[in-house]
Amino acid sequence: MTLLLSFPPLSPSIDIWVEVKSLDLFGAEACCRAFLEMVRAWALHYPVTYASAHSTADKELADFPNFGRDDETTFQDGFDRVYEICWLNVFGAKLVDTVGRERMRTTPAHRVEELPDGSILLVTWPTAADFASEAARVAQARAWVHLRPDLDFDTVMATLRERSATLAPVEPRFAPDVAALLSRLPEYASLAQRQRRIAELNAYVPPEPDEWLPVDAALPPDVADPKAAVDQYASFAERLVALLHTPVPSVLKGSPESLTDIDVHFWKETFPDTFERHNIDAIAVPAVGAYLGEVLVKHLGGQWIPRKQWMEAQVRVGDRVWLPFARAHRYMRSTQSLLDHSLTQLYRVAERHARY
């Protein structure tokens, strides 16, 4: 719930924004009637200039409350004409008089009621949850063009159908090796664009990891003290833990799931495109590579093959040796690279080969 209070010299007012999840709660007529009566009771006790209840995602597609206007104009003029018809609407007396009281009264809708203060309560359809159905859209369009005779019914219906198509549920069918990662990304899209984002991610297939060699082609250790080199890798990995333990608590566990959490964190922060390249290459890349290698060792029975050049260091897992630092270097090139060369994917592919 959000409250916005205005005091003199502005016109005293209170704006209330309530968001309820999920919309499925309003699939039953009884629930919708109870909600409607609550809004009606509020409108009877407090003067309403305009109020509405509708899908947040659909409102976003309608550019509510700006409707194509700039913020200053929106603030000055408010809802001074019928820019949109929602599932539930309370039109203040001033707007009713502007549109025409008789026109408002005769709107084709599920319920139209004139309240004592001259405002009008209008509900287009019995239930809110199925606002995007064809029948509900037809009811919405009929009410809209009735109150706005300058609009064309077919044009309005085309707009509403397009919005319904954008909001239609899309079944996730993500590439298996990155499904755990991709399933987390739609929540960062706006509510109105979430289904479209799922469709985009369904079509996305990252390149196969190639940061590996067959066991018989592995580079041999070339360090004087292999244990000291492996201890250094562990120290690199601890740098990542120190960096991320607050925003990504799972990093403390060194688990396969933590790799996905790290992918999501770096992606949402646009890490490679935000921080200085020198620091990324000098600090982040070795820390990420070492952490990835340590997870391969801990959970897949991997074995470090240390090298003087840490970019060449390998972890033997099954019939392959993996180059975690090379993966981290590629991973940190850009925000898109975090998806194209994710830690999640390399681990899942390595896990499959660990079984052979």
Side-chain angles (χ1 to χ4, degrees), residues 175-181 205-244 250-251 253-263 266 271-272 277 280-334 336-356:
D177 288 334
V178 288
L181 169 57
V205 180
E208 279 294 309
D210 60 6
E211 299 87 359
W212 63 275
L213 296 168
V215 168
D216 57 9
L219 300 172
D222 64 351
V223 297
D225 188 343
K227 183 180 183 303
V230 172
D231 288 345
Q232 184 182 41
Y233 302 152
S235 177
F236 286 164
E238 283 299 319
R239 293 180 187 176
L240 190 70
V241 175
L243 176 67
L244 298 184
S250 64
V251 78
K253 300 178 181 179
S255 63
E257 293 74 21
S258 72
L259 297 176
T260 301
D261 294 339
I262 292 167
D263 288 338
F266 282 140
F271 189 93
R277 175 53 49 189
I280 289 174
D281 290 341
I283 301 173
V285 168
V288 170
Y291 187 90
L292 173 59
E294 290 287 273
V295 174
L296 295 175
V297 169
K298 179 179 179 181
H299 292 276
L300 298 182
Q303 180 182 7
W304 278 108
I305 303 176
R307 298 281 295 178
K308 290 179 181 178
Q309 297 294 324
W310 50 263
M311 192 66 74
E312 297 177 353
Q314 304 143 97
V315 176
R316 176 175 178 169
V317 176
D319 62 352
R320 292 182 175 185
V321 293
W322 297 90
L323 292 92
F325 293 106
R327 181 68 168 191
H329 182 265
R330 193 180 258 180
Y331 174 73
M332 278 289 175
R333 292 309 89 192
S334 68
Q336 182 58 42
S337 293
L338 297 173
L339 304 184
D340 293 343
H341 309 290
S342 68
L343 310 182
T344 298
Q345 182 196 24
L346 185 136
Y347 181 87
R348 293 306 169 195
V349 175
E351 183 180 41
R352 281 203 302 276
H353 285 272
R355 301 168 187 160
Y356 298 144

Nearest heavy-atom contact between Ala290 and Trp304 is O-CZ2, 3.9 Å
Ser342: what forms a side chain to side chain donor-acceptor pair (under 3.5 Å) with it, not counting sequence neighbours? none
Tell me whether Arg352 is salt-bridged to Asp177, with the criterion being a basic N under 4.0 Å from an acidic carboxylate O. yes
How far apart are the closest heavy atoms of Trp310 and Phe325, and which atoms are they? O-CD1, 2.8 Å
Inter-residue atom distance Thr344.OG1 - Glu257.CD, 0.5 Å rounding: 9.5 Å
Please identify each residue that fulfils side chain to side chain contact (heavy atoms under 4.5 Å, CB included) with Glu312, with sequence neighbours left out. Leu219, Arg307, Gln309
Nearest 0.5 Å please: distance from the CG atom of Leu346 over to the CG atom of Leu259. 9.0 Å
Side chain to side chain donor-acceptor pair (under 3.5 Å) pairs touching residues 205-217, sequence neighbours excluded, are Asp210-Arg330, Glu211-Arg327, Glu211-Arg330
Test Arg316 against Val215 for side chain to side chain contact (heavy atoms under 4.5 Å, CB included), laying out the working first. CA-CA 7 Å; Arg316 176 175 178 169; Val215 168; 3.6 Å; yes
Do Leu292 and Tyr331 touch side chain to side chain, with heavy atoms closer than 4.5 Å? no
With sequence neighbours left out, what residues match Asp261 under side chain to side chain donor-acceptor pair (under 3.5 Å)? Arg184, Ser250
Is any side-chain heavy atom of Asp281 less than 4.5 Å from a side-chain heavy atom of Met332? no
Is any side-chain heavy atom of Asp263 closer than 4.5 Å to one of Val178? no
Scanning both residues in full, the closest heavy-atom pair of Pro324 with Val315 reads CG-CG2, 4.1 Å
Taking only residues two or more places apart in sequence or in another chain, which ones pass side chain to side chain donor-acceptor pair (under 3.5 Å) with Tyr291? Ser258
Partner set under side chain to side chain contact (heavy atoms under 4.5 Å, CB included) for Pro176, not counting sequence neighbours: none
Closest approach of Pro206 to Gln345 (non-hydrogen atoms, all atoms of both residues): CG-NE2, 3.7 Å
Across all chains, not counting sequence neighbours, the side chain to side chain donor-acceptor pair (under 3.5 Å) partners of Ser235 are none
The reported gap from CD1 in Ile283 to CG in Leu243 (rounded to nearest 0.5 angstrom) is 9.0 Å
For Ala234, the side chain to side chain contact (heavy atoms under 4.5 Å, CB included) test, sequence neighbours excluded, returns Glu294
I'd like to know if the side chain of His329 and the backbone of Gly289 have a donor-acceptor N/O pair within less than 3.5 Å. no
So, using ring-ring contact (aromatic ring centres under 6.0 Å, His included) as the criterion, who are the partners of Tyr347 when residues are at least two apart? none
Flag side-chain contact, heavy atom, 4.5 Å: Pro207 against Asp340: yes
Output all residues satisfying salt bridge (Lys or Arg N to Asp or Glu O under 4.0 Å) with Arg239, sequence neighbours left out; order by chain, then residue number. none
Using a 4.5 Å cut-off on heavy atoms from C-beta on, say whether the side chain of Arg320 contacts that of Val317. no
In Å and rounded to the nearest 0.5 Å, what is the CG to CG distance from Leu181 to Leu343? 9.0 Å
Is the shortest heavy-atom distance from the side chain of Ile280 to the side chain of Val285 under 4.5 Å? yes
Return the set of residues passing side chain to side chain contact (heavy atoms under 4.5 Å, CB included) with Ala218 (not counting sequence neighbours), or none when no residue passes. Ile305, Gln314, Val321
Do Gln336 and Pro272 come close enough that some side-chain heavy atom pair is under 4.5 Å? no
Side-chain donor-acceptor pairs under 3.5 Å in residues 220-230, sequence neighbours left out?
residue, atom, partner, partner atom, Å
Asp222, OD1, Lys308, N, 2.7
Asp225, OD1, Lys227, N, 3.3
Asp225, OD1, Ala228, N, 3.2
Lys227, NZ, Asp231, OD2, 3.0

